[in-house]
Amino acid sequence: MRAQIVAGNWKMNNDLSETESLIASLKGQTKTSDAEVMVAPTATNLYPAYNSLKGSGIEVIAQNMHFAANGAYTGEVSATMLKSVGVETVILGHSERREYFNETDEMLAKKVDAALANDMRVIFCFGEELADRKSGNHENVVESQIKNALFHLEADAFKSIVLAYEPVWAIGTGETASPEQAQDMHAFIRKTLADKYGAVVADSVSILYGGSVKPNNAVEIFSKPDVDGGLIGGASLNAEDFFAIVNAF
Ligand SMILES: O=C[C@H](O)COP(=O)(O)O
C-alpha cells in the first residue's frame, strides 16, 4: 500500500508570528484520514515550526535546498543545515524554482543526489506548461523531466522519493486539471517508472497531484487510483481548508 500524503507548500508567505498562528490553528484540527501530513514553511521559520509541531503528527519539510554541503553559495541552505533543524524531507524542482531561479534538470539531479546522500526524503516536482498541453506534448515533457533528474538513480533510491505532478497551468490559477487528466498523467508516470525500474518499484512510489487543489475538488481528485495525495499551495494557508483536503481521503 502506497503512502497517501498531503503536503502544504506555504511558498514565500507568513512571517514568524503568522507562521505561529497558522500552526496553532493546524493543531486545533482533527485528522480523520490516514494521510501523512506535511507543511513547508519558508526557510527562516523551519526551526520554530519544527519545535512547535514536534509530536503533532505534522512533519515540517523544506521548500528547496542547495546541492553543496557548504561553501560560497550566498543565500543558500544545504541538506546538512536542514537536517540540523529537524527537517527530513525537501521539495525539489517546483515549477517556481525552475521558472524564476533557472533550475535545470541537471541541477535538480545534483540536488536529489545531495538529499538522498543525507538520508532525506525528496518530493520531486515536475509538470508541463500550458503550451505543452495544448500541443499534445505534455507526456513527453513530463517524461524527460523525470528521466533527466531521476533515472540515474538505483531502484532502491525510490524508497525515499515522492513524485509531485504539477501542471504549471493549474498552479495558483484556480484552473485544476480534471480528475481524469490527473489520473491519465499519473498512470503515464507510473508506467514510465515501471518501464525503467519494474512494476514493484513503480507501484510503491507515491505520486501527488498539485495545482489548485481545494476542499471542493480534493475528494474527486484523490479518488483516482494513481493519485496518492496532493501538494497544496494556496489552500494550505488556511488550517480548516488544509485539513478538509487532508481528510478528503
Ligand atoms: O506547491 C504547490 C503548488 O504550486 C500548487 O499551488 P496552488 O494549490 O496554489 O495551485
Side-chain angles (χ1 to χ4, degrees), residues 4-14 18-19 22 26 35-43 45-46 49 58-65 82 87 89-103 108 111-112 115 121-130 132-133 138 141-142 145-146 149 161-179 181-183 185-186 189 206-222 224 227-249:
Q4 297 174 326
I5 298 168
V6 178
N9 177 9
W10 294 350
K11 307 192 178 183
M12 197 173 75
N13 294 297
N14 293 338
E18 290 163 338
T19 297
L22 179 51
L26 287 171
E36 288 180 40
V37 183
M38 305 173 179
V39 293
T42 197
N45 294 328
L46 285 168
I58 301 176
E59 183 183 350
V60 174
I61 69 173
Q63 298 177 14
N64 178 40
M65 57 165 247
L82 293 177
V87 174
T89 300
V90 61
I91 298 170
L92 293 176
H94 193 282
S95 64
E96 289 148 18
R97 299 291 320 168
R98 293 176 190 260
E99 182 179 355
Y100 304 128
F101 303 97
N102 303 316
E103 294 199 357
L108 290 168
K111 290 189 176 204
V112 169
R121 180 152 67 156
V122 172
I123 299 180
F124 183 75
C125 305
F126 51 86
E128 82 282 1
E129 298 191 14
L130 187 57
D132 304 318
R133 171 67 62 171
H138 45 293
V141 168
V142 162
Q145 287 172 324
I146 294 172
I161 291 191
V162 172
L163 300 180
Y165 168 59
E166 299 205 309
V168 176
W169 48 271
I171 296 177
T173 59
E175 180 92 22
T176 322
S178 69
Q181 285 174 318
Q183 168 56 27
M185 183 58 93
H186 284 221
I189 294 162
S206 299
I207 307 176
L208 315 185
Y209 169 78
S212 297
V213 178
K214 307 288 177 199
N216 65 5
N217 59 23
V219 170
E220 212 187 341
I221 294 170
F222 293 173
K224 295 297 176 190
V227 178
D228 304 308
L231 184 56
I232 319 301
S236 71
L237 296 171
N238 176 286
E240 288 79 21
D241 287 352
F242 184 57
F243 264 75
I245 295 169
V246 168
N247 292 331
F249 274 107

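Remember, it's 1-based here, ligands and their atoms both numbered in the order they're listed.
- Heavy-atom distances between Ala170 and ligand 1 reach below 4.0 Å in at least one pair.
- Looking at atom 8 (O) of ligand 1, its nearest protein heavy atom turns out to be Gly233 N, 2.9 Å.
- Interface atoms of ligand 1 facing Gly211, defined by a heavy-atom separation under 4.0 Å, are 5 (C), 10 (O).
- Considering backbone and side-chain atoms together, Gly234 places an N or O closer than 3.5 Å to an N or O of ligand 1.
- Within a 6.0 Å sphere centred on CD of Gln181, heavy atoms belonging to other residues, nucleotides or ligands number more than 12.
- The residue from Gly172, Ala40, Gly174 that puts a heavy atom closest to atom 10 (O) of ligand 1 is Gly172.
- The only member of Ile232, Val227, Ile5 that meets side chain to side chain contact (heavy atoms under 4.5 Å, CB included) when paired with Leu208 is Ile5.
- Each of the following atoms of ligand 1 lies closer than 4.0 Å to a heavy atom of Leu231: 1 (O), 2 (C), 5 (C).
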* Evaluation steps, side chain to side chain contact (heavy atoms under 4.5 Å, CB included), between Leu26 and Phe243 -> CA-CA 8 Å; Leu26 287 171; Phe243 264 75; 3.8 Å; yes
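- Atom CG of residue Leu163 and atom CD1 of residue Ile207 lie 5.5 Å apart, to the nearest 0.5 angstrom.
- Polar contact check, Ile171 against ligand 1: no nitrogen or oxygen pair lies under 3.5 Å apart.
- In this structure, Ala235 does not count as a contact residue of ligand 1, since none of its heavy atoms falls inside 4.0 Å of the ligand.
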* Asked: Where do Lys11 and Glu96 land on the side chain to side chain contact (heavy atoms under 4.5 Å, CB included) test, with the steps shown first?
  -> CA-CA 9 Å; Lys11 307 192 178 183; Glu96 289 148 18; 2.8 Å; yes
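- Contacts of Asn9 with ligand 1, taken as heavy-atom pairs under 4.0 Å, involve the side chain alone.
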* **Trace of the salt bridge (charged side-chain N to carboxylate O under 4.0 Å, His left out) decision for Arg98 with Glu166** => CA-CA 12 Å; Arg98 293 176 190 260; Glu166 299 205 309; over 6 Å; no
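- Counted by atom type alone, Gln63 and His94 present zero donor-acceptor pairs between their side chains at under 3.5 Å.
- Of the listed residues (Glu96, Glu166, Gln63), the one carrying the non-hydrogen atom nearest atom 2 (C) of ligand 1 is Glu166.
- Taken from CG in Leu82 to CD1 in Ile61, the straight-line distance is 11.0 Å, to the nearest 0.5 Å.
- The N/O atoms of Ser212, backbone and side chain alike, include one that comes under 3.5 Å of an N/O atom in ligand 1.
- The shortest heavy-atom distance from Lys214 to ligand 1 is not under 4.0 Å.
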